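Beneath this line is the structure, given in C-alpha cells, with notes to follow.
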Number of protein chains: 2
Amino acid sequence: MDPQHLRTFVAVVDHRSFSAAAQALGYTQSAVSQHIASLETDLETPLLTRRPVAPTQAGERLLEHARPLLLRLDAARADIARLRQVRPGRLALACTPGALTPATALALVRARTAAPQLAASMRVCGSTEAIRAVLTGAADLALVDGAVAPSDPLALPDAGSLPAFPVSEEPLAVLLPATHPLAGRPVLRLADLAAARWIDAPDAAVPLAQLRAAARSDGFGHQLTYAGTDIRGLSVLVAAGAGLTTAALPAAEDLPGIAAVPITEPRVVHRTELLHPRTPTTLAAELVDTLRPAQ
Amino acid sequence: MDPQHLRTFVAVVDHRSFSAAAQALGYTQSAVSQHIASLETDLETPLLTRRPVAPTQAGERLLEHARPLLLRLDAARADIARLRQVRPGRLALACTPGALTPATALALVRARTAAPQLAASMRVCGSTEAIRAVLTGAADLALVDGAVAPSDPLALPDAGSLPAFPVSEEPLAVLLPATHPLAGRPVLRLADLAAARWIDAPDAAVPLAQLRAAARSDGFGHQLTYAGTDIRGLSVLVAAGAGLTTAALPAAEDLPGIAAVPITEPRVVHRTELLHPRTPTTLAAELVDTLRPAQ
DNA sequence: TCCCCTTACGATCGGCGTAATGATA
DNA sequence: TATCATTACGCCGATCGTAAGGGGA
C-alpha cells in the first residue's frame, strides 16, 4: 500500500477515469493501471469497476481511509518544513464565511498596520478546506465557525493535531424569509424547525449535521444544496423561500428580506475558533496573541 | 516518506538503537541506517541524535504524525480484509478493566451458549490498545469505559472510523481509603478533590485527563503512576493511602478498605461504549445486537 | 471503429545485504 | 578496543515508459 498508489487511486476515483488521472498526475495511462493493479493484488480484492470506472464497496472503504491518510502525510511533511524555517513575512488566512466578521477583520487590519511590509492574503472556503490549508502549510491560520453547545469546542474533522481556541461566541439565529409565519417570533426553538425545509450549505453556513447533533434530531431535511461560500447569495435564496439556514445573530441582522430569530432551545451558540499550526510564523503568532484575549 | 521508513523510524525511537530496531524488524543495521538517512534527506532535517539515539525536535514532531499514520494504514488493510471474508467462528473481545462488569460478562456468556462451537477470547488492556486491536482486526469488538457528561460520547483517540454505541451509564464514584476524612460523605463534588493526591492509572481507571476535562480544572495532580490493568491491585494502593482514583459506583462498592463516594457535581457519569468494526463478524454482530437494547 | 484499460517488455532506479570504514566511549 | 552507526558496492526487484493487445459501446 504505497501512498503514491493510494494517491493515484484517489485521483482515478475523482476523475472517474484512468487516463484523466494519469494526465493529472503526470503519469502514463499504463503506470496508473499498474498502481491500481498493485493495490488490488496487495489487498486481494477489486477496488474499481471498469467501464464505467467507479469504486467497488471495498474501494469505497479504502477511500475513507486513503483521503485522511494522505492528508496526514502532507500535514506531517508541512509540519516538519515549518519547524525548519519560519517565514516571517507572510500571513495567509483561511476563513469560513461565517467566521469573517467585523471583529476578525479588524484584528487582521490591526496586524497589518503593525507590520506594514506584511503580505497578507485571505481565502474564504469551507471548514474542511480551511483545515486542510493549515495542515498542509498553504495557510498560516484558519478561522472556522460552527454551532455547538455553549463553551463546547467545535468538532472539526481531521484537525486533531491543530491547536484551537475560541475567538467568539454569539447567539445562533435562524434565517427566515421576512414573510415567513414564524418571522415575527422573538425567539424560536430548534425542535420547532426540524421539520422545515432547509438549505444544505456546508461551505457557507452551519452544516445541517451540526444542527441535528445540537437538537439530537433526525430532521433538518433539505432539497436544495448550496455549494458556494457566499452568505449574501445564500440569504437571497432564503428570502425567496428556497429554505432556511442559520448564522450568528449579529451577522444575520439587516439582511434584506430576511428575519433573523435567535434560537433559545436547546442551548446552542454560534462559535468561531482560530486554528493555528503547532509552529506558527511570527506574524501568525502575533495575530493569535491579538485575538486570544478576545475570548 | 515511505511508510516502511516511518515504521523503522518509530522502531528506532522505541528501541533507542539502530541495531536493536534492525533486529526487531528483520533488517540489517545498514538498512535501518539507510531508512533513517532517506527520511532525513527527504525532510531536509536531522530526525535523530546518535549516541545516544534520541529523536530531535523535528523527530518528536514526526513521531506524533507517524504513529497514527501507521495505525491508520494497518486499519485500512484490516478493514478491507474484513470486508473480503467474514470469519464467523471467532469472537475476540478487547476490554478495558472498568468495562468488564457483570452485565457485559453475562452478555458474553449468553452469546457463547447461543453458539456453543464458538471460540471466544477476551483481552483486558488500556483503551488505546483496545481500539488498536479492533482497528487492526486483532479483536472483533471492544468495550471501553471513561468519564464524560451524561449522554455525551466518549472522546476516544484515533477511533474516528469505528462505530460506537453506549452500553451503560452509571454514577461515577471516587475511591477513597475507608479512613479518609471525606469517606463518610454521602456525595462529593469533583472540584473538592482537584487538589487531592491522585493515582494516574490510564490503563486501569478513568484517565485523569478526563477528570480535568469534566471538572474544567488543571488539578488532579499525581505522584504515582500505575501501569497495570488490575483494578483490585489499584484499590489496594488506594486503601493504603497512595492516592485516589475513580470507578463506576456499582463496581466500586464492597472493595475492602475502600469507601466509594458518588460524584454529583459537575454532572458526570461513568460510561461504557461498545466499539465494533464497520464490518463485524456474524458473531460479533449478534453480540452487538444483544447489547444494543441495554442502552 | 474508436476509446480506454490491460499486458508485455526493456531500461532505469531504488533498496537490500555484505563488507569495509568511521566515530565514540 | 569494542560497539555501533555510516559508507561503498554489487545484486535483485520494483516501477516507469513505450508499444502491442483486448474488449466494450
Side-chain angles (χ1 to χ4, degrees), chain A residues 1-60 62-63 66 69-70 73-74 76-77 80, chain B residues 1-60 62-63 66 69-70 73-74 76-77 80:
Chain A
M1 269 212 291
D2 186 324
Q4 204 51 248
H5 295 177
L6 290 177
R7 202 154 253 142
T8 302
F9 173 65
V10 170
V12 167
V13 172
D14 287 345
H15 287 87
R16 291 181 163 72
S17 153
F18 283 51
S19 31
Q23 193 156 20
L25 296 169
Y27 285 120
T28 58
Q29 216 181 68
S30 161
V32 169
S33 191
Q34 289 173 58
H35 284 188
I36 303 301
S38 161
L39 283 176
E40 292 185 327
T41 305
D42 182 15
L43 298 173
E44 298 176 76
T45 194
L47 299 169
L48 293 168
T49 63
R50 285 83 206 235
R51 333 175 162 271
V53 171
T56 62
Q57 192 186 4
E60 294 278 8
L62 183 60
L63 266 186
L69 209 63
L70 295 172
L73 207 59
D74 294 341
R77 165 163 275 118
I80 304 287
Chain B
M1 273 215 288
D2 186 324
Q4 204 52 248
H5 296 176
L6 290 177
R7 203 154 253 142
T8 301
F9 174 65
V10 170
V12 167
V13 172
D14 287 345
H15 288 88
R16 290 181 166 70
S17 153
F18 282 53
S19 32
Q23 193 156 21
L25 295 169
Y27 284 120
T28 60
Q29 220 178 63
S30 161
V32 169
S33 191
Q34 291 174 56
H35 284 187
I36 304 300
S38 160
L39 283 176
E40 293 185 328
T41 305
D42 182 15
L43 298 173
E44 299 177 74
T45 195
L47 298 169
L48 294 168
T49 63
R50 283 82 205 232
R51 304 175 183 279
V53 172
T56 63
Q57 192 186 3
E60 294 277 10
L62 183 60
L63 266 186
L69 210 61
L70 294 172
L73 208 58
D74 294 340
R77 165 164 274 116
I80 304 287

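Here is the naming used below: chain letters follow the sequence lines, and residue numbers restart at 1 for every chain. Every value quoted in this text rests on a predicted model; they were computed, and no experiment measured them.
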On the nucleotide C/dC4, are OP1 or OP2 found under 4.0 Å from the side-chain N or O atoms that A/Ser19 carries? no
Measure from CD1 on B/Ile36 to P on C/dG15 and round the result to the nearest Å. 13 Å
Phosphate oxygens OP1/OP2 of D/dT6: is one of them under 4.0 Å from a side-chain N or O of B/Ser33? yes
Side-chain contact check for A/Arg51: nearest option of C/dT7, D/dG23, D/dT6 is D/dG23
A/His35 atom NE2 is separated from C/dC5 atom P, nearest whole Å, by 15 Å
Check every strand shown and say whether A/Val53 touches a base, only sugar-phosphate, or nothing at a heavy-atom separation below 4.0 Å. sugar-phosphate
Just the rounded figure in Å: distance from P of D/dT15 to CG of B/Asp2. 10 Å
A/Phe18 or B/Val32, whichever maps to the more 5' nucleotide of DNA chain C: A/Phe18
Verify the distance criterion only: is there a donor paired with an acceptor across the side chains of B/Gln23 and B/Ser19 at less than 3.5 Å? no
Looking only at side-chain N and O atoms, does B/Tyr27 come under 4.0 Å of OP1 or OP2 in C/dC16? yes
B/Gln34 has an atom CD; how far is it from atom P of D/dC9, in whole Å? 14 Å
Take atom CZ in A/Arg50; do more than 12 heavy atoms of anything else shown fall under 6.0 Å from it? yes
Give the rounded distance in Å between these two atoms: CD of A/Gln29 and C1' of D/dG21. 13 Å
Is any side-chain N or O of B/Arg50 closer than 4.0 Å to OP1 or OP2 of C/dT24? no
Over how many whole Å does the gap from A/Glu40 atom CD to C/dT7 atom P extend? 10 Å
Any N/O donor-acceptor pair, A/Ser38 side-chain to D/dT15 base, under 3.5 Å: no
Positive for side-chain contact (heavy atoms from CB on, under 4.5 Å) with B/His35, one of B/His5, B/Arg7, B/Glu40: B/His5
Side-chain donor/acceptor of A/Ser30 to base of C/dT7, under 3.5 Å: yes
Under the side-chain contact (heavy atoms from CB on, under 4.5 Å) test against A/Val12, which residue among A/Leu47, A/Leu25, A/Ile36 passes? A/Ile36
For B/Gln34, does its backbone N or O pair with a side-chain atom of B/Ser38 as donor and acceptor, under 3.5 Å? no
Could you tell me the separation between the CD atom of B/Gln23 and the P atom of D/dA5, rounded to a whole number of Å? 12 Å
For A/His15 and C/dC5, what is the distance between atoms NE2 and P respectively, to the nearest whole Å? 12 Å
